[in-house]
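Accompanying notes for the structure given below.
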Amino acid sequence: MTERILLVEDEEDLRMTLTDRLKSEGYVPECAVDGAEGLKKALQGSYDLIILDVMMPNKNGFDVCRDIRKAGLVVPIIMLTARGQLVDKVLGLKIGADDYLTKPFELLELLARIEALLRRGAAQPVDKADAIQFGPIRVDLRGTTVTRDGKVVRSPPASFACFATSCKIQAQLFPVKCC
């Protein structure tokens with residue numbers, strides 16, 4: 001199977017060069033010329049990797065990356081940008097990019113980074129369901145609400161750091177009668 005790569009880049013010359021090279025390496029590239037188009041394609045398509053510029057018209061790459069992650073997509077993202085300050089790199093990685101490469105860059109390095117991310121395994125498609133139901137238990141994947149027989153059992157916090165809380169949830173979901 002050939003990997004599909006979404007290239008979101010507003011510079012036409014770079015977009016053409018990268019598209020040609022990606023094709024010659026056996027990838028199937030698809031392009032978007034600005035952030036808004038890139039986000040739309042990322043959410044509608046099934047890509048194995050996304051290469052994302054930061055400074056683009058209509059929507060910057062940081063916002064695109066953040067929105068892709070908010071939508072639950074786990075596809076690897078490489079930020080490819082002229083913004084090389086440490087704060088930009090840290091921001092890109094913290095909002096969900098898997099790698100960050102600054103322009104100007106070496107094409108062989110970009111290709112090696114693409115291979116490395118793809119080698120980690122194909123991105124698992126995210127279930128588009130809003131909830132999962134098993135028996136009387138329903139888990140709302142968007143709002144993280146758990147209900148049993150229609151009654152809210154717990155709306156967990158953003159972090160499940162507390163083991164005791166997890167045990168309480170289990171006890172509420174699966175009560176066990178003791179002798």
Under 4.5 Å between side-chain heavy atoms, hopping through other hydrophobics if needed: is there a path connecting [X] to [Y]?
X	Y	value
Leu7	Met16	no
Leu111	Val28	no
Tyr100	Val87	no
Ile95	Met55	yes
Leu22	Leu107	yes

So, do [X] and [Y] sit near enough that their side-chain heavy atoms are less than 4.5 Å apart?
X	Y	answer
Leu39	Leu43	yes
Met79	Leu101	no
Thr81	Arg83	yes
Pro29	Leu18	no
Val8	Met56	yes
Ile50	Pro76	no
Ile114	Leu49	yes

Could you state the interatomic distance from [atom1] ([X]) to [atom2] ([Y]), rounded to the nearest 0.5 Å?
X	Y	atom1	atom2	value
Leu73	Cys65	CG	SG	10.5 Å
Leu110	Ile78	CG	CD1	5.5 Å
Asn60	Leu52	CG	CG	9.0 Å

Could you walk me through whether Asp10 and Asp53 pass side chain to side chain contact (heavy atoms under 4.5 Å, CB included), step by step?
CA-CA 8 Å; Asp10 63 327; Asp53 187 11; 3.0 Å; yes
For the side chain of Glu37 and the backbone of Val33, is there at least one donor-acceptor N/O pair under 3.5 Å apart?
yes
Any carboxylate oxygen within less than 4.0 angstrom of a Lys/Arg side-chain nitrogen, looking at Lys103 and Glu9?
yes
Do the charged groups of Asp48 and Arg4 touch, with an N to O distance under 4.0 Å?
no
Steps toward side chain to side chain contact (heavy atoms under 4.5 Å, CB included) verdict (Ile5, Glu30)
CA-CA 6 Å; Ile5 297 177; Glu30 187 172 327; over 6 Å; no
Start with the C-alpha gap between Asp20 and Lys23, add the side-chain angles, then the distance that decides, and say whether salt bridge (charged side-chain N to carboxylate O under 4.0 Å, His left out) holds.
CA-CA 5 Å; Asp20 289 344; Lys23 283 180 184 176; 5.1 Å; no
Would you please test Lys59 and Asp67 for salt bridge (charged side-chain N to carboxylate O under 4.0 Å, His left out) and show each step?
CA-CA 11 Å; Lys59 192 172 194 85; Asp67 291 347; 3.0 Å; yes
Worked check of side chain to side chain contact (heavy atoms under 4.5 Å, CB included) between Leu118 and Tyr27:
CA-CA 11 Å; Leu118 292 174; Tyr27 300 113; 3.5 Å; yes
Smallest separation among heavy atoms of Lys89 and Gly84, with atom names
CE-O, 3.3 Å
Dump the intermediate steps for side chain to side chain contact (heavy atoms under 4.5 Å, CB included) on Val54 and Leu80, then the final yes or no.
CA-CA 7 Å; Val54 171; Leu80 183 63; over 6 Å; no
What do the steps show when you test Arg15 against Asp34 for salt bridge (charged side-chain N to carboxylate O under 4.0 Å, His left out), and what is the final call?
CA-CA 11 Å; Arg15 195 172 55 244; Asp34 63 40; over 6 Å; no
Has Glu12 got more than 12 heavy atoms of other residues, nucleotides or ligands less than 6.0 Å from its CD?
no
Please determine which of Ile51, Ile68, Leu6 meets the side chain to side chain contact (heavy atoms under 4.5 Å, CB included) test together with Ile77.
Ile68
Between the side chains of Glu3 and Tyr47, does any donor sit under 3.5 Å from an acceptor?
no
